[in-house]
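A quick note: this is a predicted structure, and the numbers were derived from the prediction, not measured. Order of listing sets the numbers, starting from 1, for every ligand and every atom in it. Both backbone and side-chain heavy atoms feed into the values below; hydrogens, waters and symmetry mates do not. Nothing fancy with the numbering, it's 1 onward along the sequence.
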Amino acid sequence: MKILGIDTSCDETAAAVVADGKEVLSNVVASQVEAHQEYGGIVPELASRKHIEAINYIVSRALAEADVTFKDLEAIAVTNRPGLIGALLVGVAAAKSLAYSHGLPLLGINHIEGHIYANYMVHDALTFPHICLTVSGGHTLLVEVHKGWQYKVLGSTQDDAAGEVYDKVAKYLGLGFPGGKVIDQLAQKGNPSAIKFPRPMRNSGDYQFSFSGIKTSVRYFVEKARRAGVLVENGQEATKDANPDTVTVEDIAASFQAAVVDVLVYKSIRAAKSTSAKAITLTGGVAANSQLRASLKIAAAEIGAEVYYPPMNLCTDNGAMIAGIAYEKYKQGLRDGLSLNAAANGSIVDV
Ligand code: KG4
Ligand code: ZN
């Protein structure tokens with residue numbers, strides 16, 4: 001059973017054809033990152049316009065690469081929540097028009113459910129219930145995932161998403177946008193104990209997160225170090241002998257990353273322990289982080305749990321994960337009418 005999945009929730013125009021929830025026949029993504037780069041972050045209005053330019057082409061590419069036509073499809077699925085409202089509306093309008101004109105059932109999908117499903121598409125050994133940590137530029141969410149795609153949201157960020165904070169810290173350090181990957185790489189050359197950044201809410205006793213405090217702390221640290229002339233940046237050689245206060249961008253990246261990863265790992269493990277889940281899945285763009293993967297694996301091994309993450313093209317925003325979860329929803333009887341609307345917010349328990 002082949003489903004076309006469309007996602008335009010943020011800054012990627014994505015469409016894919018997936019058979020029976022798992023067999024990815026095509027997975028086409030047009031990234032807008034270059035268009036947003038000069039602004040140092042995503043500009044919602046620009047995202048909507050770029051989606052409009054790309055959507056028809058991306059859908060036809062997805063069909064062509066899967067070697068199918070609309071006649072071969074069983075349904076059309078589209079992310080309709082949560083996300084940037086103007087961006088979501090483009091995908092929803094496209095999906096509604098296509099469903100109507102080709103007489104196909106339409107399914108509105110929650111973007112987070114897509115991210116959660118991504119691991120299931122590639123890891124046959126994944127057991128239920130499991131704990132899923134979704135960490136991206138827009139989300140930080142810890143969820144208990146039960147059979148039948150039933151969820152219990154354990155906690156989420158109270159302010160910035162983890163990826164958003166990576167991007168902001170990269171901006172303070174003049175490293176461009178998006179910043180996650182470059183910080184990850186610099187951190188590998190730095191000392192994670194060089195600076196003690198705060199770990200907000202680590203010991204709050206619940207599963208909520210807060211990252212804006214880490215962000216502000218890094219910002220003040222960087223500004224102060226620059227003013228004092230002790231920040232070594234742009235590949236300069238550190239001359240620690242000359243000034244003992246000298247700090248490198250690599251040390252800041254490593255110390256910042258240590259703070260973020262510490263909180264994420266601590267709460268994920270705590271969640272797995274309290275629910276006796278034997279698996280923890282990582283998903284979203286920040287799931288690419290080398291330190292997060294490594295630390296979580298070590299901590300999970302200590303409690304006898306497995307860690308899973310999907311390949312990068314299923315980790316970041318894509319249409320395949322939407323078509324994938326739509327297959328499960330289709331079997332559960334979900335159908336939406338042409339009155340389907342987009343929503344900026346939308347918890348996964350409201351499905
Ligand atoms: O899932 P995604 O592609 O888009 C959404 O935000 O929905 O995630 C992008 C985020 C960005 O904030 C980016 O900086 C971050 O994922 N990211 C990383 C890494 N690679 C991408 N963060 C930390 N370490 C990485 N290696
Ligand atoms: Zn996403």
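- The aromatic rings of H111 and H139 sit tilted, their planes meeting at an angle between 30° and 60°.
- Here the protein contributes H111 NE2, H115 NE2, D317 OD1 as N, O or S atoms under 2.8 Å from the Zn ion (ligand 2).
- The closest approach between a heavy atom of G138 and any atom of ligand 1 is below 4.0 Å.
- No side-chain donor from either of H115 and T134 sits under 3.5 Å from a side-chain acceptor of the other.
- Taking any N or O of G285, backbone or side chain, at least one lies under 3.5 Å from an N or O belonging to ligand 1.
- Side chains of D160 and S212: no donor on one and acceptor on the other come within 3.5 Å.
- Under the 30°/60° scheme for interplanar angles, the aromatic rings of F70 and H102 are found to lie parallel.
- Atom 15 (C) of ligand 1 has its closest protein heavy atom at V286 CG2, 4.0 Å.
- Considering each of A287, G137, A162, the one bringing a non-hydrogen atom nearest atom 9 (C) of ligand 1 is G137.
- Under a 4.0 Å N-O distance rule, the pair R226/E233 qualifies as a salt bridge.
- Side-chain atoms of Y57 and R61 include a donor-acceptor pair closer than 3.5 Å.
- For the residue pair Q188/S290, the side-chain donor-acceptor check at 3.5 Å is satisfied.
- The ligand atoms of ligand 1 that sit less than 4.0 angstrom from a heavy atom of G163 are 12 (O).
- Between Y166 and ligand 1, a contact under 3.5 Å exists for no N or O pair.
- Judged by distance alone, the side chains of E328 and Y117 do bring a donor and an acceptor atom under 3.5 Å apart.
- Residues in residues 27-52 take part in these salt bridge (charged side-chain N to carboxylate O under 4.0 Å, His left out) pairs, two or more places apart or across chains: E45-R49, K50-E53.
- The atoms of ligand 1 that sit less than 4.0 Å from any heavy atom of G179 are 14 (O).
- In terms of polar-atom proximity, defined here as any N/O pair under 3.5 Å, H115 makes no such contact with ligand 1.
- Side chain of D336 to backbone of L334: no donor-acceptor contact under 3.5 angstrom is found.
- Residue T316 approaches ligand 1 through these ligand atoms, each under 4.0 Å from one of its heavy atoms: 1 (O), 3 (O).
- Annotation: cation-pi geometry not satisfied between K171 and F177 (NZ/CZ under 6.0 angstrom from ring centroid, within 45° of ring axis).
- The closest side-chain heavy-atom distance from F221 to V247 is below 4.5 Å.
- Looking from atom 23 (C) of ligand 1 to the surrounding protein, the closest heavy atom is N289 ND2, 3.5 Å.
- In D184, the part holding a heavy atom less than 4.0 Å from any atom of ligand 1 is the side chain.
- Near D167, with a cut-off below 4.0 Å to any heavy atom, the atoms of ligand 1 are 11 (C), 12 (O), 13 (C), 14 (O).
- For atom 7 (O) of ligand 1, the nearest non-hydrogen atom of the protein is D317 OD2, 3.0 Å.
- In this comparison of G180, A170, A161, S9, the heavy atom closest to atom 25 (C) of ligand 1 sits on G180.
- Remark: I348 CD1 to I116 CD1 distance equals 4.0 Å, nearest 0.5 Å.
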